[in-house]
Number of protein chains: 4
Amino acid sequence: MPKIEISDIRRRELIAATIATIYEQGFADATVARIARRAGLSTGIVHHYFRDKDHLLEATMRSLASGLGMEIAARLASAERPRERLEAVIDGNFSATQFTREAVTAWTCFWSQVPFSERLSRIQRVIYSRLRSNLLHALRQMMPAQQAEDTAFGLITIIDGLWLRAALDGEGLDPVRARALAYGFVDTRLPAGSKSNEAAA
Amino acid sequence: MPKIEISDIRRRELIAATIATIYEQGFADATVARIARRAGLSTGIVHHYFRDKDHLLEATMRSLASGLGMEIAARLASAERPRERLEAVIDGNFSATQFTREAVTAWTCFWSQVPFSERLSRIQRVIYSRLRSNLLHALRQMMPAQQAEDTAFGLITIIDGLWLRAALDGEGLDPVRARALAYGFVDTRLPAGSKSNEAAA
Amino acid sequence: MPKIEISDIRRRELIAATIATIYEQGFADATVARIARRAGLSTGIVHHYFRDKDHLLEATMRSLASGLGMEIAARLASAERPRERLEAVIDGNFSATQFTREAVTAWTCFWSQVPFSERLSRIQRVIYSRLRSNLLHALRQMMPAQQAEDTAFGLITIIDGLWLRAALDGEGLDPVRARALAYGFVDTRLPAGSKSNEAAA
Amino acid sequence: MPKIEISDIRRRELIAATIATIYEQGFADATVARIARRAGLSTGIVHHYFRDKDHLLEATMRSLASGLGMEIAARLASAERPRERLEAVIDGNFSATQFTREAVTAWTCFWSQVPFSERLSRIQRVIYSRLRSNLLHALRQMMPAQQAEDTAFGLITIIDGLWLRAALDGEGLDPVRARALAYGFVDTRLPAGSKSNEAAA
DNA sequence: AATGAATGAGAATTCATTCAT
DNA sequence: AATGAATGAATTCTCATTCAT
């Protein structure tokens, strides 16, 4: 049984405070002081747990990515057929715990930093690769390689586009509608036999 | 013949410098001083032409939006059939002058600010409405209303997703591939007779 | 007949605009640009008529002083007896044209600058000397020299104090009350035969 | 024993530095940087203890007012008869610790700001009310109400006028002469029995 | 582990002044 | 005589980071 370190607790609290602060004040106004205050800690301690602000932001993005990854992994674990694996990826991306207003807002902020930060860029690449690999693994069993490649690319684009929409539309985006678009896209690419509505029928 | 005001020239130069600086240094490091220097001007003059930095950024986003809008409008002007109108919108979004690395980078930055700025949010809403209205106008002549609605939403999501992809992928995104995804999405939603490959045939 | 130079007109306009701007925006916010705008002129022209801002301010203080001086001089011209000369000085200081909200506000600002500006300090000294000399001239004919000296000092202090009060009290100071205090002070210092109420009787 | 907070110490130091800097450089040149340097601190810390420059200035004016108030209060504590209360107020205003060149200079600066700052205006009103109330309390026991009112007004005007004189006259003002004027004014208003020279006799 | 005082660099903004037109 | 574009220094304020306690 792994001991729960107090340092891990603090780190988690600070990451959560970072996400909350970005959501409430915006990326530019998410200062170390404000994040620390939100976590109920002092300014100084932040640098005890994270080397500097960049490392805290990096850890935050990584944490968001890992939350998403675990959500998907959990669903993949109980997926057997290719179609189910696809659904695991899509549903994971729009699950109630991940597809939140806080998360989409934070993601949009991190995306805007990616082109200027090698660290964030690396995280972004890892997420993309993992997502693509998951999708290809399923799609290749359902269609020719090139078509699978294109479908994976399209699906990732749609997922990202939906997250962006959710951040841009003040009122938030209906996860049902989001999933519907993603499923709809996949369905038109699949051979007749593996469509979801037929599976449901 | 409208006189070319020097103030219009300066404003344009400053907006261009803003986009370039954001692209090269990132949103956070796009300081007024750096933008001014890039425009070959002094810091002070920026506030002579734009009340403050927020207004300059707003004008920049507006300028990007208007560039995109004009690109699309120009193509719409010579479009007659619904299918052509669709193509005008898509092609406008991925034209060589608009779908640049500078532009996609700047857009990603502005998107990240939208949730925290009523001004930018308003611009974003106008762009979205215009795009949606253009698409619906064409799509309603090709399919039932609800389906047109969904297709427009999907297409916008894909377009935004592709712009985001272009910003996130270091090497840039092939506009041909981008267009292919968008066209492909539309084609699967259209009745057989109006597909692009058949039109081309 | 002296020709009225346009430069004199401009100078007067700028001085008037300076007083008005100080009154409306405060000394710190009375910028050259705002003063010029209020005078309906451009920023640049201010430096054509006044070497720099300091000179404009100096001219403004001088103009206020000269207005006050002329108001007093006019009354002194028709004063014959010492008592009338005293009244001329007091009434001049609280006349409707000089004892205005604009003027008292501007004076307070200039006073605060006096200790740090040799130029303004010199003007201040001239005003003080002139006032003192006018008062002494009258008072020495009514009382012993030392007593005249003290009375002049007291009266000047009261006059300045009243101007200050007028600036500090938001609602403005009743000139009747102001004059009453000044007259009252003088009366208590005078031998019975020359009091104002008796003179009026 | 109340713990002496370091924040109180710093605040006091900064306020003292503000007064000194205003005295030496003038109100306009009393920049945050200069004040901080004079206090031996960095610019940044000023905003740690005072929200912004306005708050520092407000605290400084308040501190001056409170110094004066305590000086008067201390004398009032040992005053028994009305006449002694009057003396307490006057002497407090011209005591060696309060009637300094630094203080009179700073006051003149603050007075010039009063008409443009609601905050400073409020402080000014409080000071005035307190002074007036102290004086009326004593004067009403020595003369009719209306006359007490006028005398209080006159005395306050003279006190302010003397402070102003002290700031304007380069060489400084003799506190003995200042007190003499104030006492002389009061004496002429009092019934014979309560004059100071007679009391001293 | 934790605090928060303190620093100092750097940001936006203002403004007097100059100068080409 | 007049404009207003342009400059660049100066100012206030913010913030990440450090460090003594």
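Labels below follow one simple rule: chain letters A, B, ... track the order of the sequence lines, proteins then strands, and each chain is numbered from 1. Here the structure is a predicted model, which is why all the values come from computation and not from measurement. Atoms considered below: every heavy atom in the structure, side chains included; atoms not considered: hydrogens, waters and symmetry mates.
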Q: Residues two or more places apart in sequence or in another chain: which of them pass side chain to side chain contact (heavy atoms under 4.5 Å, CB included) with C:Thr100?
A: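 Listed in chain order: C:Glu102, C:Ala103.
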Q: Counting only non-hydrogen atoms, which of residues 107-120 of chain C are less than 4.0 Å from DNA chain E?
A: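 DNA chain E contact set from residues 107-120 of chain C: none.
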Q: With sequence neighbours left out, what residues match B:Glu58 under side-chain hydrogen bond (donor to acceptor under 3.5 Å, both in side chains)?
A: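 Per chain and number, B:Glu58 pairs via side-chain hydrogen bond (donor to acceptor under 3.5 Å, both in side chains) with B:Arg62, B:Arg119.
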Q: Between residues 46-56 of chain C and DNA chain E, which residues have a heavy-atom gap below 4.0 Å?
A: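 Hits under 4.0 Å, by residue number: C:His47, C:Asp52, C:Lys53.
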Q: Of all the heavy-atom pairs spanning C:Ile35 and C:Leu14, show the shortest one and how long it is.
A: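 That would be CG2-O, 3.9 Å.
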Q: Could you list the residues that satisfy salt bridge (Lys or Arg N to Asp or Glu O under 4.0 Å) with C:Arg101, not counting sequence neighbours?
A: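 Applying salt bridge (Lys or Arg N to Asp or Glu O under 4.0 Å) to C:Arg101 gives none.
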Q: Which residues pass the side-chain hydrogen bond (donor to acceptor under 3.5 Å, both in side chains) test with A:Ser42, sequence neighbours left out?
A: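 Checked A:Ser42 against side-chain hydrogen bond (donor to acceptor under 3.5 Å, both in side chains); zero matches.
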Q: As a test of your reading of the structure, name each stem of DNA chain E as range with range, where a stem is three or more consecutive Watson-Crick or G-U pairs at under 3.5 Å.
A: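 Output for stems: E:2-21 with F:2-21.
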Q: Roughly how many Å is it from CD in C:Glu13 to P in F:dA1, rounded to a whole number?
A: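 Going from C:Glu13 (CD) to F:dA1 (P), I get 13 Å.
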Q: Mind checking side-chain hydrogen bond (donor to acceptor under 3.5 Å, both in side chains) for D:Ser7 and listing every partner two or more places apart, or none if nothing turns up?
A: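 Per chain and number, D:Ser7 pairs via side-chain hydrogen bond (donor to acceptor under 3.5 Å, both in side chains) with no residue.
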Q: Given atom CG of D:Leu41 and atom C1' of E:dA5, what is their separation to the nearest angstrom?
A: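 About 10 Å, once rounded to whole Å.
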Q: Got a list of protein N/O to nucleotides 19-21 of chain F N/O distances below 3.5 Å?
A:
none

Q: What pairs meet the salt bridge (Lys or Arg N to Asp or Glu O under 4.0 Å) rule with one or both residues in residues 17-37 of chain B, with sequence neighbours excluded?
A: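 Residue pairs passing salt bridge (Lys or Arg N to Asp or Glu O under 4.0 Å), neighbours aside: B:Glu24-B:Arg38.
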Q: For the CD1 atom of A:Ile19 and the SG atom of A:Cys109, what is their distance to the nearest 0.5 Å?
A: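 With rounding to 0.5 Å, CD1 (A:Ile19) is 11.5 Å from SG (A:Cys109).
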Q: More than 12 heavy atoms of other residues, nucleotides or ligands under 6.0 Å from CZ of D:Arg125: yes or no?
A: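 Atom CZ in D:Arg125 is packed in, count exceeds 12.
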Q: Are the side chains of B:Ile15 and B:Phe50 in contact, using a 4.5 Å heavy-atom criterion?
A: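 B:Phe50 vs B:Ile15: side chains touch.
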Q: By the 4.0 Å heavy-atom rule, please label B:Thr43 as base, sugar-phosphate, or nothing.
A: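 Base: the residue B:Thr43, judged by heavy atoms under 4.0 Å, touches a nucleobase.
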Q: CE/D:Met61 to OG/D:Ser66 distance, rounded to the nearest 0.5 angstrom?
A: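 Between atom CE of D:Met61 and atom OG of D:Ser66 there are 12.5 Å.
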Q: Specify the separation, in whole Å, of atom CD1 of D:Ile6 and atom C1' of E:dG4.
A: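 Going from CD1 in D:Ile6 over to C1' in E:dG4 covers 10 Å.
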Q: Of all of residues 14-40 of chain A, which get a heavy atom below 4.0 angstrom from DNA chain E, listed by number?
A: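 Contacts with DNA chain E under 4.0 Å: none.
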Q: Please identify each residue that fulfils side-chain hydrogen bond (donor to acceptor under 3.5 Å, both in side chains) with A:Glu13, with sequence neighbours left out.
A: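 Partners of A:Glu13 by the side-chain hydrogen bond (donor to acceptor under 3.5 Å, both in side chains) criterion, ordered by chain and then number, come out as A:Arg10.
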Q: Roughly how far, to the nearest 0.5 Å, is the CG atom of B:Asp54 from the OG atom of B:Ser117?
A: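 So the gap between those two atoms works out to 6.5 Å.
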Q: Atom CG in A:Leu64, atom CD1 in A:Ile123: separation rounded to 0.5 Å?
A: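 So the gap between those two atoms works out to 9.5 Å.
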Q: To the nearest 0.5 Å, how far apart are CZ in A:Phe27 and CD in A:Gln113?
A: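 Taking CZ in A:Phe27 and CD in A:Gln113, the distance rounds to 4.0 Å.
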